[in-house]
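Chain identifiers are assigned alphabetically (A, B, ...) following the order of the sequence lines, protein sequences preceding nucleic acid strands; residue numbering begins at 1 within each chain.
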2 protein chains.
Amino acid sequence: MRTLYCGELNASLIGQEVALCGWTHRRRDHGGVIFVDLRDREGIAQVVFDPGLPDVFRKAEEVRGEFVLRIVGRVRRRPPGTENPHLKTGEVEVAAQSIEVLNRAEALPFQLDEPDVNESVRLRYRYLDLRRDSMQRNILLRHRVTQTLRRFLEANGFIEIETPMLTRSTPEGARDYLVPSRIHAGHFYALPQSPQLFKQILMVAGFDRYFQIARCFRDEDFRADRQAEFTQLDIETSFMDETAITRLMEQMVRRLFKEVLDVDLPDPFPRMSYHDAVHRFGTDRPDLRVSLELVEVADLVKEAEFKVFSGPANSPSGRVAALRVPRGGELTRSQIDGYTEFVGQYGAKGLAYIKVNDAARGREGLQSPILKFLTDDAIRGILQRTGAQTNDLIFFGADQAKIVNDALGALRLKLAEDLGLRQEGWRLVWVVDFPMFEYDAELKRWQSLHHPFTAPKAEDLERVDLDPANVRARAYDLVLNGSEIGGGSVRIHRTDVQQRVFATLGLDEAEAREKFGFLLDALKFGAPPHGGIAFGLDRVVALMAGAESIRDVIAFPKTQKASCLMTEAPSTVDEAQLRELHIRLRKPAGSADAAGGDKL
Amino acid sequence: MRTLYCGELNASLIGQEVALCGWTHRRRDHGGVIFVDLRDREGIAQVVFDPGLPDVFRKAEEVRGEFVLRIVGRVRRRPPGTENPHLKTGEVEVAAQSIEVLNRAEALPFQLDEPDVNESVRLRYRYLDLRRDSMQRNILLRHRVTQTLRRFLEANGFIEIETPMLTRSTPEGARDYLVPSRIHAGHFYALPQSPQLFKQILMVAGFDRYFQIARCFRDEDFRADRQAEFTQLDIETSFMDETAITRLMEQMVRRLFKEVLDVDLPDPFPRMSYHDAVHRFGTDRPDLRVSLELVEVADLVKEAEFKVFSGPANSPSGRVAALRVPRGGELTRSQIDGYTEFVGQYGAKGLAYIKVNDAARGREGLQSPILKFLTDDAIRGILQRTGAQTNDLIFFGADQAKIVNDALGALRLKLAEDLGLRQEGWRLVWVVDFPMFEYDAELKRWQSLHHPFTAPKAEDLERVDLDPANVRARAYDLVLNGSEIGGGSVRIHRTDVQQRVFATLGLDEAEAREKFGFLLDALKFGAPPHGGIAFGLDRVVALMAGAESIRDVIAFPKTQKASCLMTEAPSTVDEAQLRELHIRLRKPAGSADAAGGDKL
């Protein structure tokens, strides 16, 4: 129906006849002539209708915005002075010889170039929203990202293998989406939270290198920028240790950024231990575009009269840390109050600070309500360790370590944003040496920080049963600009080790068998050493696209309440369908609104 | 951990030190030396342990089948006379200098090279079954198929876009898998039967060319070789008609067969109307490797005294057809009885036949219980139309047309198989000109033969409301060796046409809105002409692999009762999980066995 895309029009075609198909982006009448900007996936072409062809002209007069047209015409140079340098096709136009209205369009609920359209409206009319230039670019970028990743993996001997969507519920980790079985009354499938067990099974089966761009499901409350269904690039390899795996994955990420964004990333990526990340940045997802760091000062204030400091400084689970803000001396009282409120969200009960009016004058050059509680030695130590200079400000966190880390970690990013202290660019870091277990004080048991199939470091193996707190995992997370984009580990490949880990997690043999029996069986029959990683594809693409939400890189996303506003899923179903599935509703079905307004 | 795959070993490496990792395929002790065949994804390498290195030799003595080993050694030529020409690596061996047992293996429940292992056992221990050479090849083939298809589509401007898995139930077509919503009490998602509506929406959104390798779900009874979840290559394009779409898809299939199997397919593929396919082969999925054809003889027997023939011959819904079997004269009475029983499965009440002992002698040369009922003219006509020759046999079907088509269509294939009349090779055919609607006598309403979004032929548009039986659809199926591997159509892109089709299907405006409102809306805002196709990927790969079942090209398939024997999905779940989902069971959960034995 067409000879080329609108966006492919260029000066080399001048004099040729072309056929174009597309949408009426804009129609203007000017000097007795009609101009139609015809739009398709690749761009916009200007089509000119001359009254000299009255039949064609009359049809063009009926054209409205978003009408779908087929145009045949001759390419010509635009008259001097009317070129559009902002448009790829801006040197030329098409003099229409014929026009066919392939479809009409009603007036749109919003204009495609309208900024700040309400997102609910965008999602309801997603077919129109996706016509917008930014969404077209995002979805195309996503395509190029997956294409580049696949090519890299294929070139490196990885085989794409599909794993099941209807699988078994394993009540570990997040909440499962369940699917009632019609054939097996009272039984349910679960949608996979990840293909973790299947990819390990594929290694036991000898496929050596596996990948999949896999849909995963978590039925959680979506406060953050999460989706009920999301996509991960899932990878597993055999006979490679963490060094080899992370090196190969780095190559992949470098290739991705080079091919898609023409950005050169460093080789190798920096590495940081979990311990360092938490101590220096308050988080295991440090954003290295921000150079501000947390500094340990507990030892300096152990003896302070100020209980707010000395309490946590003397508690094994406490922390006292300082955060220097360059030129923070210019912050007003009300700005500081604002930050105090901000850290309150993370459980901090206050936000002590010292203003450095003159670094050369010691105590005399400082200004702070807490100054009187601190010894000269402590003050000297604090100034020295933070490297504070005249006109800086030092914030303090003193509380349970987790609260200090969360509060100062978040404050660090907020300050960088507010004060323009964040550098541009792409900062990647591997976070390694994670603890294997963390203690859940509520449930009174140890839990896996990653998942229960992660291998402990060989030198920590003996501690698995005796001293779980000090076992480090062979795990690695890849962090980009403060977002975790990938996480993985070397897995346990020996039955005895897996059983010891299960035991530490409080799973006795019967429970372990019930939940993961097939994995334990598989490990018995010659499982190779193996490990892998999973990348959050939605997140990676959103970062690369500069999108604010992963919803902007998913063609048909759901809201925070896991609704699709376009199809109105989920919906009520017939009683007959439920009967076939051997289930009934607990209470009469409410309307979709029963769950409250639908937030994005 | 290794320098290369076992299967990559070759004579160019002689003298070099290599490190190999893999599974102990076989261990033999011979002449005081231990031989281990070490296997990985790429092949098998022979490793030799010499008693001259006693530490290494002692460890090798402990090795059992499927132990996972790492070997370092030097590549050398095998002694003359001991080469193995059946093995890629058969010229060389590795003289082991060290051995590391990476993992041990218990005795396997079956041997990897054991033929005819019970499929239930294979599926339960899928990680072992997948180690078998044939399964490794099938899964690798599948990878190469998807890779080749993707590359072709990408090179042709198709964009891969993911569509949702948690979507809306549309009670058309097959039964949906439902997913209860936790947030929206009493509401359910459905797993997609296909991305049909989403891909049409993507065309309305202007993406122009879309593809996806998409998981689809149908909760049906799986008598045939079907799976609860299956994979389709899903494609949609804008501004292309059926000629352009099928031509492009042919190119893709030709490329696929050339690249993966080195097979040259014809250009173009033959086309056949639905009418011709059914009349000549009794089915719309003709296997053209078999040249036998059904021949119409109703007009010849309209006047016959034989009611079995004259009844259907005079009924508008009846059919009388003949099927000539070359050299079928050699069939015994009991073989013919067998075929009579065979067609009985398709509803045929008998299977009349004529043996042609001497074609030159007319009636005298024939042998048949029905001969006496037929006039000389009828006999002459039958012999002429079927082209029967001496020693042939002619079978007859006379009944409702559907029964005749099903019975003789199946008999045709069975005879070809039994008598070796099926040619080798790959025979593709496009079946076109499908009827748009078929009448469901039970429900007393018209139904779509494809789906309700298929466009009628322009010249049949006026018949949509007045004469649905004679509306042809702009649909096309691709048939390979008697299996439908792809099916698609040009879609309706105008609201008025879509509404008329819904009306013919008995959907009033309110029902249509309720079910497909978003599609009807989308068509209003400038939908382009569009169409597409979906290929059954499991089926395509199974045919290319020569696999008997699609289960053999799916890494983790389910049984005919939709169970996964490895993970034991579906399973029972906690009462608390059900409560969160606002559902309860209709009766106490039975055991998995409640549904009866698990057939493959």
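Note: H582(A) leads R124(A), Q227(A), H582(A) in heavy-atom pairs under 4.5 Å with chain B. Ranked by non-hydrogen atom pairs under 4.5 Å with chain B, the options Q136(A), R142(A), E42(A) are led by Q136(A). Of the residues considered (A205(B), G22(B), A107(B), S181(B)), A205(B) shows the highest number of contacts with chain A, using heavy-atom pairs under 4.5 Å. Ranked by non-hydrogen atom pairs under 4.5 Å with chain B, the options A244(A), A555(A), A527(A), P109(A) are led by A527(A). Ranking E66(B), H493(B), R494(B) against chain A, the residue ahead of the rest is H493(B), based on heavy-atom pairs under 4.5 Å. Heavy-atom pairs under 4.5 Å with chain B were tallied for A228(A), G65(A), G157(A), G517(A); the largest tally goes to G157(A). The candidate with the highest count of non-hydrogen atom pairs below 4.5 Å against chain A, out of I161(B), I139(B), T167(B), is I139(B). Taking chain B as the reference chain and counting heavy-atom pairs below 4.5 Å, the highest number among P557(A), A569(A), G526(A) is found for G526(A). Put simply, of M1(B), M566(B), E229(B), the one with the most heavy-atom pairs under 4.5 Å next to chain A is E229(B). The residue among T231(B), T24(B), I213(B), D241(B) with the most heavy atom pairs within less than 4.5 Å of chain A is T231(B). With chain A as the partner, the residue from I201(B), L166(B), L130(B), V573(B) showing the most heavy-atom pairs under 4.5 Å is L166(B).
The distance from atom OH of Y177(A) to atom CG of L581(B), rounded to the nearest 0.5 Å, is 9.5 Å. Atom NZ of residue K558(B) and atom CD1 of residue I183(A) lie 11.5 Å apart, to the nearest 0.5 angstrom. In this structure, OG in S238(B) is found 10.0 Å from CG in D40(A), a value given to the nearest 0.5 Å. Rounding to the nearest 0.5 Å gives a distance of 6.5 Å between CD of Q577(A) and CG of D176(B). Put simply, NZ on K524(B) and CD on E106(A) are 4.5 Å apart, with the number rounded to the nearest 0.5 Å.
In this structure, V204(B) and R126(A) have side chains that are not in contact, with every pair of non-hydrogen atoms separated by 4.5 Å or more.
For D221(B), the parts lying under 4.5 angstrom from a heavy atom of chain A are both the backbone and the side chain. For a residue to count as touching a neighbouring chain, one of its non-hydrogen atoms must lie under 4.5 Å from one of that chain's; by this rule R104(B) touches chain A with the backbone only. Interface remark: P164(A) contributes backbone and side-chain atoms alike to the contact with chain B (heavy atom separation under 4.5 Å). There is no contact between C564(B) and chain A, counting heavy-atom distances below 4.5 Å. With a threshold of 4.5 angstrom between heavy atoms, R209(B) approaches chain A through its backbone and through its side chain. Only the backbone of L523(B) comes within contact range of chain A, with heavy atoms under 4.5 Å apart. Heavy atoms of F67(B) lying under 4.5 Å from chain A are absent altogether. A190(B) does not touch chain A: none of its heavy atoms, backbone or side chain, sits under 4.5 Å away. For F198(A), the parts lying near chain B are the backbone and the side chain together; criterion is any non-hydrogen pair under 4.5 Å. Residue Y5(B) touches chain A through its side chain alone, counting heavy-atom pairs closer than 4.5 Å. At a 4.5 Å heavy-atom cutoff, R39(A) makes no contact with chain B through either its backbone or its side chain. Proximity to chain A (any heavy atom under 4.5 Å) is shown, for R151(B), by both the backbone and the side chain. With a 4.5 Å cut-off on non-hydrogen atoms, S571(B) touches chain A through its backbone and its side chain both. Both the backbone and the side chain of M165(B) come within less than 4.5 Å of a heavy atom of chain A. With a 4.5 angstrom heavy-atom cutoff, P528(B) touches chain A via backbone and side-chain atoms both. Neither the backbone nor the side chain of F230(B) has a heavy atom closer than 4.5 Å to any heavy atom of chain A. With a 4.5 Å cut-off on non-hydrogen atoms, L112(B) does not touch chain A at all.
Within the 3.5 Å criterion, the main-chain N or O of T567(B) finds a donor-acceptor partner in the side chain of R168(A). Counting only distance, with no hydrogens or angles, the side chain of R41(B) and the backbone of F207(A) share a donor-acceptor pair below 3.5 Å. Looking only at distances, a side-chain donor or acceptor of R182(B) sits under 3.5 Å from a matching main-chain atom of E220(A). Checked by atom type and distance alone, the side chain of W23(A) never pairs as donor or acceptor with a backbone atom of G206(B) at under 3.5 Å. Using modelled atom types, no side-chain atom of E568(B) and backbone atom of F518(A) make a donor-acceptor pair closer than 3.5 Å. Under the 3.5 Å distance criterion, the side-chain polar atoms of R215(B) are matched with a main-chain donor or acceptor of T163(A). Here the side chain of H184(B) pairs no donor or acceptor atom with the backbone of S563(A) at under 3.5 angstrom.
Residue E160(A) forms a side chain to side chain donor-acceptor pair (under 3.5 Å) with just one option from R150(B), H143(B), Q147(B), and that option is R150(B). Among N103(A), L128(A), V68(A), the one residue that satisfies the side chain to side chain contact (heavy atoms under 4.5 Å, CB included) test with F525(B) is L128(A). Shown are V179(B), L178(B), D219(B); of these, the side chain to side chain contact (heavy atoms under 4.5 Å, CB included) with V179(A) is made only by V179(B).
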Please walk me through it: do L202(B) and F556(A) pass side-chain contact (heavy atoms from CB on, under 4.5 Å)? CA-CA 10 Å; L202(B) 289 170; F556(A) 302 102; 3.8 Å; yes
From CA spacing to verdict: side-chain contact (heavy atoms from CB on, under 4.5 Å), I583(B), F188(A): CA-CA 12 Å; I583(B) 58 171; F188(A) 293 79; 4.0 Å; yes
After noting the C-alpha distance and the side-chain angles of E580(B) and R586(A), does the key distance pass the salt bridge (Lys or Arg N to Asp or Glu O under 4.0 Å) rule? CA-CA 10 Å; E580(B) 278 196 311; R586(A) 262 177 206 268; over 6 Å; no
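Of all heavy-atom pairs spanning Y189(A) and A562(B), the tightest one is OH-O, 2.5 Å. Closest of all the heavy-atom pairs between Y127(A) and A522(B) is CE1-CA, 3.5 Å.
Side chains of D521(A) and Y125(B): no donor on one and acceptor on the other come within 3.5 Å.
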